[in-house]
Amino acid sequence: MKQCRRASVQVNTVSVVVAFLFITLGVTARAREPGIPLPGRYAALLAKSHFAPLPEAHGERTKLPPQSARLSVRAGGNSEIFAGSYRAAAKTSFAAGVSGRVRTLDSLFDALPDDTQMARQFPKLLRKSGNVTERVLSEKRNVNVQAWIYWVRPESDRDFHVILGSTPQLTTTTVFMNSEVSGLPAAHPTKSPFPARRSDIRTILASHRNENGLFREPVEVRVTGSLLWDGEHRAPNNVGPRELRPSKAWEIHPIRQIVAR
């Protein structure tokens, strides 16, 4: 009997240790299977994008910023000031704290609550008109991920949508996540690091071959920034081209740093 109890204690101890390792190392119990490469499908996307940008069914809602803000910072004749109508303060500021260790994109994304859970827990995030909700508890995190940029598009609210993928080529199990280079904060348009990040994403577009924002070879990057769940774009209204669309409305928004490798 004592031996059975001792064995039971040992098993329980091992279980606790394993669970602790899963949590601290960001490992999920269900490992994602290696995907089957889809070079033909990606080549077809590139061919399609060569003639016109891939359509994005669910764009951004905008509002015109004050005249003083429109005139304060310009690039290429167009204002850089964030012009979105949804949670502007959250989208142009960072969560407190550090970003911690580097994670893979799939391990980060898989662990985040799905859109149904977030909508049920935080119904105030679903209001589209006049929503000024600050970051909720689940969003008060900074992250540091290694990923590949597949697609970039400048939006009407003056953010850049930057679709990240978890693999260096398209596969059957590639995980996608939206990240955003934010428009400039209206109150402080020159505040660091916002102008520099807009320069960075333009440099990446200029220095890596792409077809209207779809990269011929996904660009390996290290991205840091704050988490945000965009209630405007919960499933099935997720952002990005249909073929590269994330399955949840979670974003890295705004991006604090983006470094092409």
Side-chain angles (χ1 to χ4, degrees), residues 56-66 68-70 72 79-100 105 108-145 153-164 176-189 191-194 197-198 223-240 245-258:
E56 184 179 33
H58 306 287
E60 300 291 352
R61 294 161 59 92
T62 62
K63 63 179 180 181
L64 287 176
S68 59
R70 293 206 304 273
S72 60
S79 174
E80 300 279 290
I81 302 296
F82 178 74
S85 60
Y86 176 83
R87 301 184 70 194
K91 287 186 172 184
T92 55
S93 64
F94 298 100
V98 298
S99 56
L105 186 72
L108 168 67
F109 195 74
D110 287 349
L112 293 170
D114 64 27
D115 289 353
T116 301
Q117 291 174 289
M118 288 297 293
R120 183 169 56 246
Q121 187 173 2
F122 302 105
K124 60 185 178 181
L125 299 183
L126 302 180
R127 181 163 52 88
K128 294 183 178 182
S129 178
N131 196 324
V132 295
T133 306
E134 296 182 357
R135 276 192 161 77
V136 298
L137 182 61
S138 301
E139 300 171 315
K140 293 180 179 179
R141 291 178 54 194
N142 293 305
V143 295
N144 185 349
V145 297
R153 172 173 168 155
E155 296 292 322
S156 58
D157 64 357
R158 307 197 180 122
D159 285 345
F160 284 87
H161 282 179
V162 182
I163 297 294
L164 303 175
F176 296 107
M177 182 175 188
N178 186 39
S179 60
E180 302 209 17
V181 173
S182 175
L184 302 176
H188 304 284
K191 183 178 180 180
S192 178
F194 294 95
R197 295 299 79 82
R198 298 180 71 78
V223 175
T224 63
S226 301
L227 287 178
L228 185 134
W229 186 76
D230 193 336
E232 281 195 304
H233 297 298
R234 69 189 188 278
N237 299 322
N238 306 78
V239 299
R245 193 171 296 165
S247 61
K248 304 175 190 175
W250 282 101
E251 304 171 350
I252 301 175
H253 193 162
I255 292 173
R256 182 185 292 273
Q257 187 173 41
I258 183 167

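Numbers for residues simply follow the sequence, beginning at 1.
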Atom pair [atom1] ([X]) and [atom2] ([Y]), whose distance is rounded to the nearest 0.5 Å:
{"X": "F109", "Y": "L227", "atom1": "CZ", "atom2": "CG", "answer": "10.5 Å"}
{"X": "K191", "Y": "S93", "atom1": "NZ", "atom2": "OG", "answer": "7.5 Å"}
{"X": "S247", "Y": "L112", "atom1": "OG", "atom2": "CG", "answer": "10.0 Å"}
{"X": "I163", "Y": "N238", "atom1": "CD1", "atom2": "CG", "answer": "9.5 Å"}
{"X": "E155", "Y": "F160", "atom1": "CD", "atom2": "CZ", "answer": "10.0 Å"}

Between the side chain of [X] and the main-chain N/O of [Y], is any donor-acceptor distance below 3.5 Å?
{"X": "E139", "Y": "W229", "result": "yes"}
{"X": "T224", "Y": "R256", "result": "no"}
{"X": "D115", "Y": "A249", "result": "yes"}
{"X": "N237", "Y": "E232", "result": "no"}
{"X": "N131", "Y": "R87", "result": "no"}
{"X": "R135", "Y": "K140", "result": "no"}
{"X": "K124", "Y": "T133", "result": "no"}
{"X": "D157", "Y": "A83", "result": "no"}
{"X": "R234", "Y": "G231", "result": "yes"}
{"X": "S226", "Y": "A95", "result": "yes"}

Taking the side chain as everything from C-beta on, heavy atoms only, tell me whether [X] gets closer than 4.5 Å to [Y].
{"X": "P185", "Y": "F82", "result": "no"}
{"X": "K248", "Y": "M118", "result": "no"}
{"X": "L125", "Y": "Y86", "result": "yes"}
{"X": "L228", "Y": "E180", "result": "no"}
{"X": "F94", "Y": "P193", "result": "yes"}
{"X": "P189", "Y": "F194", "result": "no"}
{"X": "K91", "Y": "D230", "result": "yes"}

Original post:
In terms of ring plane angle, is the pair H161 and H233 parallel, tilted or perpendicular, where the classes change at 30° and 60°?
Top reply: perpendicular

**OP:** Verify side-chain contact (heavy atoms from CB on, under 4.5 Å) between S79 and R158, making sure each step is shown before the conclusion.
**Re:** CA-CA 8 Å; S79 174; R158 307 197 180 122; 3.8 Å; yes

**OP:** For the pair D159 and H253, evaluate side-chain contact (heavy atoms from CB on, under 4.5 Å) and give the outcome as yes or no after the intermediate values.
**Re:** CA-CA 10 Å; D159 285 345; H253 193 162; 3.3 Å; yes

Subject >> Taking every non-hydrogen atom, the tightest pair across R127 and G130 >> reply: NH1-O, 3.0 Å

**OP:** Taking all heavy atoms of I252 and all of V145, pick out the closest pair and write down the distance.
**Re:** CD1-CG2, 3.8 Å

Original post:
Going through the checks in order, is the side-chain contact (heavy atoms from CB on, under 4.5 Å) test met by L108 and R141?
Top reply: CA-CA 12 Å; L108 168 67; R141 291 178 54 194; 4.0 Å; yes

**OP:** Run the salt-bridge test on E80 and R198 with the 4.0 Å N-O cut-off and return the result as yes or no.
**Re:** yes

